[in-house]
Each structure stands twice: as structure tokens, then as C-alpha cells.
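Since the model is a prediction, treat every value here as computed from it, not as a measurement.
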Amino acid sequence: MNNIVIRSGGLGDFILTLPLLKELSEQKSSLTLITRKDYYDLICQEFDIDTFINIDSSIFSSFFTSSPKKSLYPIFENSTIYSFIGPTDSELNQTLNTLKVKRYIDLPSRPTAEPHIVEQIFTVAEIASVHRWKERSYLKSNNLKGKSLWLHPGSGHSSKNAPSAFFIEQANDWLKKSQESVIISFGEADQELETILKNTLKRDRYHFIHPQDLCELKQLLILHAGKFISNDTGPSHLSASLGIPTTVIFKETNPNIWEPLGEQVSSAAIGTKKPT
């Protein structure tokens, strides 16, 4: 029998799926992961995945049609699908029948009520409670070398961002207390924020970076991040999963649902608590 996990969504959503992948990978069944290639590349060395299918490929696109590609048949036959793409409709049910899927489990992808999303995933997937899953760094690196403060002031959604003044304060406080540098990373949606910070922070020990892809981001975090502070965003989940001391600022989302998983994670709400 084959277990299949279908996971779309953002980087943080994917990282929060790792506890499920870990439990399924330790079962005797084979495990197929259908997700973005850059997500798979992040974890392929740490997780025992038997088969990977790019969720953006034409092969998988046929899954949503009445005539799925023949190459999917041996993978899906008699399988259990753990899906984050939503409930079935009549066309999808027809495809599941055609592929002879044994069971389709619709898992919560964007819950708005507590408890933590991982706990909700385990409950719906009928997986017994896993000891200390919340304090586990699922991509833990034994090669952490970083000593710098790493700030990621964006998130892709401006409503989730702490004010730029907050990150400026964190950077200046760090440089007063430490001889190490401050690294500030940005994503594609952070151009305006980057301009503000570059115009404000002009000391020699600031480094502004744009990682080219997620694997580069992962390696740079391992090499340089001694402490990570960010909004509730994908890089904060990645940092926490590597075992880096990570503080996450929650402005809009609920930490009781979305807090990153890791051994050294703390969260704070803007205006109520300052990170330590």
C-alpha cells in the first residue's frame, strides 16, 4: 500500500506538514510526496520519500481530469491520500475511482480556530499524538555555524508585518551588544520595505540579501544565522525547523494555530512583548 501526501500552499504551510510526513515515512508503507519541487529539495536528504511528483507538472494536472495519465495508476492504486487541496467533488471522485484509490483524507489547510494546525492534522489523519512534536526541529542541522542576527521583515502579506521601526530597533540593539553583523533578507514582495530599511540602516555591519531559491536560503541560514527574528512567514518556519533560535512576531495570525515548530522557538505579539 502507498501513502500519498498532496501539499500545495506556502513554505510555512509545507514546513508544518513535516510532522505528518515524518510519521508516514516511518510506517511500512511506501510514501509518495506531491508538492513543489523546491519544497521537496529542502527535505529530500532528511526524509525517506519513495516517490516525488511535482505538483506543477502536467502529469499531476491530469489528476484533476476524467482521464488521468497512465503513469499515475500504479502509484495511486490501493493508496491512502492525505490531501491539503480540499474536499472532493464529483469529477475528483470519478478520478479517485478510476485510479482505484482506497481512501481520500481531506486535511485542514487554513484553519481559523485552535488548536495548532499540526494537532488538527494528526486528529483528522487518525495518527496518535506524537510526543513533543511542537518542540522538534524536523530539519535540524548539526552544522549550525551562524553568529549573526538575521532579520526577515517581510512576509508576502503587509498586514502580517511588524512595523519597519521594530526591525530597525532590533538591529540597532544587536549592534550595540554584539560584534557580529546583522543580516536582513527580503522576498519578491518586499521591495518597498527593502528601500525603507536600506535608506535607514547604513552601517558597515548590515548585509542585505536576496536568496535565489529555498535551498540557498537554507544553506545561508545554517552558515550565518545565530538568531532569527521575523514575522509569521515561511523563512521563520524554516529557521525554526533547522534548530536556529527563532522569534516570530504575530501581528494578525494566531500563534496557537500557526507557531513554528522547533527546539528554540518563541513568539511575541507586537505591542505586548519584546523579544529577548
Participant: Does C215 offer a backbone N or O that forms a donor-acceptor pair with the side chain of D213 under 3.5 Å?
Facilitator: yes

Participant: Taking only residues two or more places apart in sequence or in another chain, which ones pass ring pair (Phe, Tyr, Trp, His ring centres under 6.0 Å) with F14?
Facilitator: Y39

Participant: Does the side chain of L220 come within less than 4.5 Å of L217's, by heavy atoms?
Facilitator: no

Participant: With no hydrogens and no angle check, is any side-chain donor or acceptor of H116 less than 3.5 Å from a backbone partner on E259?
Facilitator: yes

Participant: Report yes or no: does T35 contribute a side-chain atom to a donor-acceptor pair with the main-chain N or O of R7 at less than 3.5 Å?
Facilitator: yes

Participant: With rounding to the nearest 0.5 Å, note down the distance linking CG in N3 to OG in S29.
Facilitator: 4.5 Å

Participant: Is a donor from one side chain sitting under 3.5 angstrom from an acceptor on the other, for S25 and D48?
Facilitator: no

Participant: Minimum heavy-atom separation for L99 and P68, please, with both atom names.
Facilitator: CD2-CG, 3.9 Å

Participant: Would a hydrophobic clustering, with Ile, Leu, Val, Met, Phe, Trp and Tyr connected at side-chain separations under 4.5 Å, put W150 with I249?
Facilitator: no

Participant: Would you say V124 and I257 are hydrophobically clustered, going by side-chain heavy atoms of ILVMFWY under 4.5 Å?
Facilitator: yes

Participant: Side chains of E252 and H157: do they bring a donor and an acceptor to under 3.5 Å?
Facilitator: no

Participant: Please check if the side chain of W174 supplies one atom and the backbone of E180 the other of a donor-acceptor pair under 3.5 Å.
Facilitator: yes

Participant: Could you pull out all residues at least two apart from F208 that satisfy ring pair (Phe, Tyr, Trp, His ring centres under 6.0 Å)?
Facilitator: none

Participant: Under 4.5 Å side-chain heavy-atom separation, chaining through any Ile, Leu, Val, Met, Phe, Trp or Tyr, what else clusters with I196? Say none if it is isolated.
Facilitator: none

Participant: Measuring from atom CG of N142 to atom CD1 of I222, what distance do you get when rounded to the nearest 0.5 angstrom?
Facilitator: 10.0 Å

Participant: Does CD in E114 sit with more than 12 non-hydrogen atoms of other residues, nucleotides or ligands closer than 6.0 Å?
Facilitator: yes

Participant: Can you name the nearest heavy-atom pair linking S109 to I117, along with the distance?
Facilitator: O-CD1, 3.8 Å

Participant: Between I49 and C44, is the side chain to side chain contact (heavy atoms under 4.5 Å, CB included) condition met? List the steps.
Facilitator: CA-CA 7 Å; I49 307 296; C44 61; over 6 Å; no

Participant: What pair of heavy atoms forms the shortest contact from L221 to I244, and how long is it?
Facilitator: O-CD1, 3.6 Å

Participant: Going by heavy atoms in the side chains, are S58 and K69 under 4.5 Å from each other?
Facilitator: yes

Participant: Can you confirm whether V130 sits close enough to F122 that some side-chain heavy atom of one is under 4.5 Å from a side-chain heavy atom of the other?
Facilitator: yes

Participant: With rounding to the nearest 0.5 angstrom, report the CG to CZ distance, D41 to R36.
Facilitator: 11.0 Å

Participant: Would you please test I43 and L33 for side chain to side chain contact (heavy atoms under 4.5 Å, CB included) and show each step?
Facilitator: CA-CA 11 Å; I43 70 165; L33 174 60; 4.0 Å; yes

Participant: Give a yes or no on whether the backbone of D232 and the side-chain of K160 come within a donor-acceptor separation of less than 3.5 Å.
Facilitator: yes

Participant: Is the shortest side-chain N to carboxylate O distance from D13 to R110 below 4.0 Å?
Facilitator: yes

Participant: In residues 71-82, what donor-acceptor pairs under 3.5 Å come from side-chain atoms, sequence neighbours left out?
Facilitator:
{"unit_1": "S79", "atom_1": "OG", "unit_2": "F76", "atom_2": "O", "d": "2.6"}

Participant: Taking I209's backbone N and O only, do any of them form a donor-acceptor pair with S185's side chain (distance below 3.5 Å, no angle check)?
Facilitator: no

Participant: State, to 0.1 Å, how close Y206 and A171 come at their nearest heavy-atom pair, and which atoms those are.
Facilitator: CE2-CB, 3.5 Å

Participant: In a table with atom names and distances, give each donor-acceptor pair under 3.5 Å that connects a side chain of residues 132-139 to protein atoms at least two apart or in another chain.
Facilitator:
{"unit_1": "S137", "atom_1": "OG", "unit_2": "A240", "atom_2": "O", "d": "3.2"}
{"unit_1": "S137", "atom_1": "OG", "unit_2": "E263", "atom_2": "N", "d": "3.0"}

Participant: Going by the angle between their ring planes, with limits at 30° and 60°, are F60 and F64 parallel, tilted or perpendicular?
Facilitator: perpendicular

Participant: So T246 and S236, side-chain hydrogen bond (donor to acceptor under 3.5 Å, both in side chains) or not? Walk me through it.
Facilitator: CA-CA 7 Å; T246 301; S236 62; over 6 Å; no

Participant: Side chain to side chain contact (heavy atoms under 4.5 Å, CB included), that's the test. Do V248 and W258 meet it? Break it down for me.
Facilitator: CA-CA 10 Å; V248 188; W258 298 108; over 6 Å; no

Participant: Are L11 and I6 co-members of a hydrophobic cluster defined by side-chain heavy atoms under 4.5 Å apart?
Facilitator: no

Participant: Measuring only between side-chain heavy atoms, which start at C-beta, is L31 closer than 4.5 Å to V5?
Facilitator: yes

Participant: In Å, rounded to the nearest 0.5 Å, how long is the span from CD1 of I229 to OG1 of T247?
Facilitator: 5.5 Å

Participant: Tell me if a side-chain donor or acceptor on K251 pairs with a main-chain N or O of N161 at a distance below 3.5 Å.
Facilitator: yes

Participant: Are any of the side-chain nitrogens in E126 or R103 under 4.0 Å away from the carboxylate oxygens of its partner?
Facilitator: yes

Participant: Applying salt bridge (charged side-chain N to carboxylate O under 4.0 Å, His left out), name anything that partners E188, two or more places apart in sequence or on another chain.
Facilitator: none

Participant: What is the distance from atom OG1 of T51 to atom CD1 of I4, rounded to the nearest 0.5 Å?
Facilitator: 8.5 Å

Participant: With rounding to the nearest 0.5 angstrom, report the CD1 to CD distance, I127 to E119.
Facilitator: 13.0 Å

Participant: Determine, step by step, whether L214 and D38 satisfy the side chain to side chain contact (heavy atoms under 4.5 Å, CB included) criterion, reporting the C-alpha distance in whole Å, the side-chain angles of both residues, the deciding distance to 0.1 Å, and the verdict.
Facilitator: CA-CA 6 Å; L214 295 181; D38 52 353; 3.7 Å; yes

Participant: Are Y104 and L107 joined in one hydrophobic group, where the rule is that I, L, V, M, F, W and Y side chains link up if heavy atoms are under 4.5 Å apart?
Facilitator: no

Participant: Going by salt bridge (Lys or Arg N to Asp or Glu O under 4.0 Å), E46 matches just one of K22, K140, K218. Which one?
Facilitator: K218

